[in-house]
Amino acid sequence: MSIENLARQNVRDLTPYQSARRLGGSGDVWLNANEYPLAPSFQPAADNLNRYPECQPAQVIARYAEYAGVTPEQVLVSRGADEGIELLIRAFCEPGQDAILYCPPTYGMYGVSAETFGVERRTVPSKADWQLDLPAIAANLDNVKLIYVCSPNNPTGNLLEPDSLRALLEMAKGKAIVAVDEAYIEFCPQASVAGWLADYPHLAILRTLSKAFALAGLRCGFTLANPELIALLLKVIAPYPLSSPVADIAAQALSAEGLRLMRQRVGEIAANRLWLQQALETCACVEQVFASDSNYLLVRFTAASNVFKSLWDQGIILRDQNKQPGLSGCLRITIGTRDECQRVIDALRPLPGTTTTRQEPL
């Protein structure tokens, strides 16, 4: 008997999430993973590597709670927000019995994590404007224990309407946990639903240091929820989810100076996003640049496959979204440095059908 035959059937059938690093590429302009383009200067100072770390490092928890406007009892720290996604499934979904629900096009790890644990994946496509289809969600809630929504949504970049989110939370009362993925909320902090926790005991909010905090390689994320929900997640989390160096750097990133630097990065990215959006709109191969409240732009091209390959061959790596529902012809472009954004535009302009007259964005 082969080793593969010993594995669980759902694992044998599983298509793993195709992360940016798994997809590869050999470029020097990496605009496919929504990372910050430059490395921060934090250095670990831990001198106790002979000891196991705290399960929930007190300083990290306290600082994130203060930053997010919640109490420490409402914060759980984990190995990225991806672990938070999995912890919710492990805590609330019975394999082979319960389901999760999510609304594509959206982040792929919700479905992959559910499939890994043998939990049904149920999808309700977003409407044409990428807002929630509330009647369709209501019609598909049988046996659903967990609903994932992403705002700003990845890969579309749009915020979900607050009234729709409140309607979803009301709809799910007594039935399901609603997990709002706020991985990109630093780019639009006014849209956070963290202030709603007092009203909704079944609300969980996923956060990360990977985006605006420029620490994707650190793998540090947070779940915000009411203490009862956090207590359940603590039952299923690993004993030592964060290494001591990770906790040390996370605490530095959440210091007053760390937060100042984060907000400075957000301002730089917003300025580069506007520049890139205006520049893309001068390229004839671009059909549409979608508005974004995040650190990336979703762009529809007339010949997306050719555009993707042409830039790939020049060392500019984008993320192909053609296979996502409703995103035919779309590529996602992470906002890099101004020089990297210029590289993208310079690579697009010579392509067949591109405007021949160079128009500089404002």
Side-chain angles (χ1 to χ4, degrees), residues 19-21 23 25 27-40 42 67-68 80-82 105-109 130 149-160 180-192 205-222 253-254 258-281 286 288-300 311 316-321 324 327 330-345 361:
S19 68
R21 295 298 170 264
L23 290 170
D28 62 326
V29 179
W30 293 90
L31 304 179
N32 63 339
N34 300 340
E35 304 151 318
Y36 186 73
L38 303 173
F42 301 119
Y67 162 66
D82 287 339
T106 194
Y107 185 41
M109 276 304 295
W130 296 325
V149 293
C150 189
S151 183
N153 187 44
N154 177 15
T156 57
N158 65 290
L159 287 166
L160 296 178
V180 180
D181 188 339
E182 292 189 345
Y184 301 92
I185 202 63
E186 279 74 24
F187 299 97
C188 48
Q190 75 286 350
S192 176
I205 301 166
L206 298 165
R207 297 281 193 87
T208 184
L209 298 187
S210 295
K211 311 304 179 184
F213 285 90
L215 291 170
L218 197 68
R219 307 311 301 131
C220 183
F222 298 87
L254 293 165
L259 293 175
R260 185 191 69 78
L261 291 171
M262 178 273 288
R263 293 182 176 112
Q264 179 178 306
R265 291 186 206 102
V266 168
E268 293 169 356
I269 290 297
N272 287 348
R273 184 181 67 204
L274 176 60
W275 186 95
L276 182 60
Q277 179 174 351
Q278 292 174 340
L280 287 165
E281 289 168 350
V286 172
Q288 187 173 2
V289 184
F290 296 96
S292 174
D293 286 287
S294 59
N295 67 339
Y296 52 87
L297 288 170
L298 184 70
V299 185
R300 178 165 280 129
L311 271 64
I316 303 169
I317 313 301
L318 309 183
R319 187 66 177 232
D320 189 349
Q321 298 293 336
Q324 286 257 36
L327 301 189
C330 289
L331 304 177
R332 193 190 67 195
I333 307 174
T334 303
I335 308 302
T337 65
R338 183 62 62 88
D339 286 345
E340 289 174 333
C341 292
Q342 185 69 63
R343 282 272 302 273
V344 171
I345 298 304

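What you see below is based on every heavy atom in this structure, not just the backbone, and it leaves out hydrogens, waters and symmetry mates. Residue numbers run from 1 in the order of the sequence given.
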Rounded distance (nearest 0.5 Å) linking atom [atom1] of [X] with atom [atom2] of [Y]:
X	Y	atom1	atom2	result
Thr106	Asn154	OG1	CG	6.5 Å
Arg260	Arg265	CZ	CZ	9.5 Å
Leu297	Ile335	CG	CD1	4.0 Å
Ile316	Leu311	CD1	CG	4.5 Å
Glu340	Leu38	CD	CG	7.0 Å

Query raised in the report: Under the 3.5 angstrom rule, does the side chain of Asn272 hit a backbone N or O of Gly336 as a donor-acceptor pair?
Result: yes
**Report entry** Passing candidate, ring pair (Phe, Tyr, Trp, His ring centres under 6.0 Å) with Phe213, options Tyr67, Tyr36, Phe42
**Finding:** Tyr67
Report task. Starting from the C-alpha separation in whole Å, work towards a yes-or-no answer on side-chain contact (heavy atoms from CB on, under 4.5 Å) for Leu206 and Tyr107. Result -> CA-CA 13 Å; Leu206 298 165; Tyr107 185 41; over 6 Å; no
Heavy-atom pair of closest approach, residues [X] and [Y]:
X	Y	result
Cys220	Thr208	O-OG1, 3.6 Å
Ile269	Pro37	CD1-CD, 4.4 Å
Arg219	Ser210	NH1-OG, 3.2 Å
Tyr296	Asn153	OH-O, 2.5 Å
Glu186	Val266	O-CG1, 3.7 Å
Ile185	Ser151	CD1-O, 4.1 Å

Requested in this report: Could you tell me which residues satisfy side-chain contact (heavy atoms from CB on, under 4.5 Å) with Asp293, sequence neighbours excluded, listed by chain and number?
Outcome: Pro152, Leu159, Cys188
With heavy-atom distances below 4.5 Å as the criterion, would you say the side chains of [X] and [Y] are in contact?
X	Y	answer
Leu280	Ile345	yes
Val180	Leu160	no
Trp275	Gln342	yes
Arg263	Pro189	no

Query raised in the report: Hey, mind stepping through Asn34 and Thr334 against side-chain contact (heavy atoms from CB on, under 4.5 Å) and telling me if it holds?
Result: CA-CA 5 Å; Asn34 300 340; Thr334 303; 2.9 Å; yes
Requested in this report: Give me the one residue out of Leu298, Val299, Leu331 that meets side-chain contact (heavy atoms from CB on, under 4.5 Å) with Gln321.
Outcome: Leu298
Query raised in the report: Does the side chain of Arg332 pick up a donor-acceptor pair with the side chain of Ser292 at under 3.5 Å?
Result: no
Query raised in the report: Does a donor on one side chain and an acceptor on the other come within less than 3.5 Å for Asn158 and Thr156?
Result: yes
Query raised in the report: For Glu281 and Val286, what are the C-alpha separation, side-chain angles and deciding distance, and is it a side-chain contact (heavy atoms from CB on, under 4.5 Å)?
Result: CA-CA 7 Å; Glu281 289 168 350; Val286 172; 5.7 Å; no
Requested in this report: Go through the steps to decide whether Leu318 and Asn32 satisfy the test side-chain contact (heavy atoms from CB on, under 4.5 Å), and finish with yes or no.
Outcome: CA-CA 4 Å; Leu318 309 183; Asn32 63 339; 5.5 Å; no
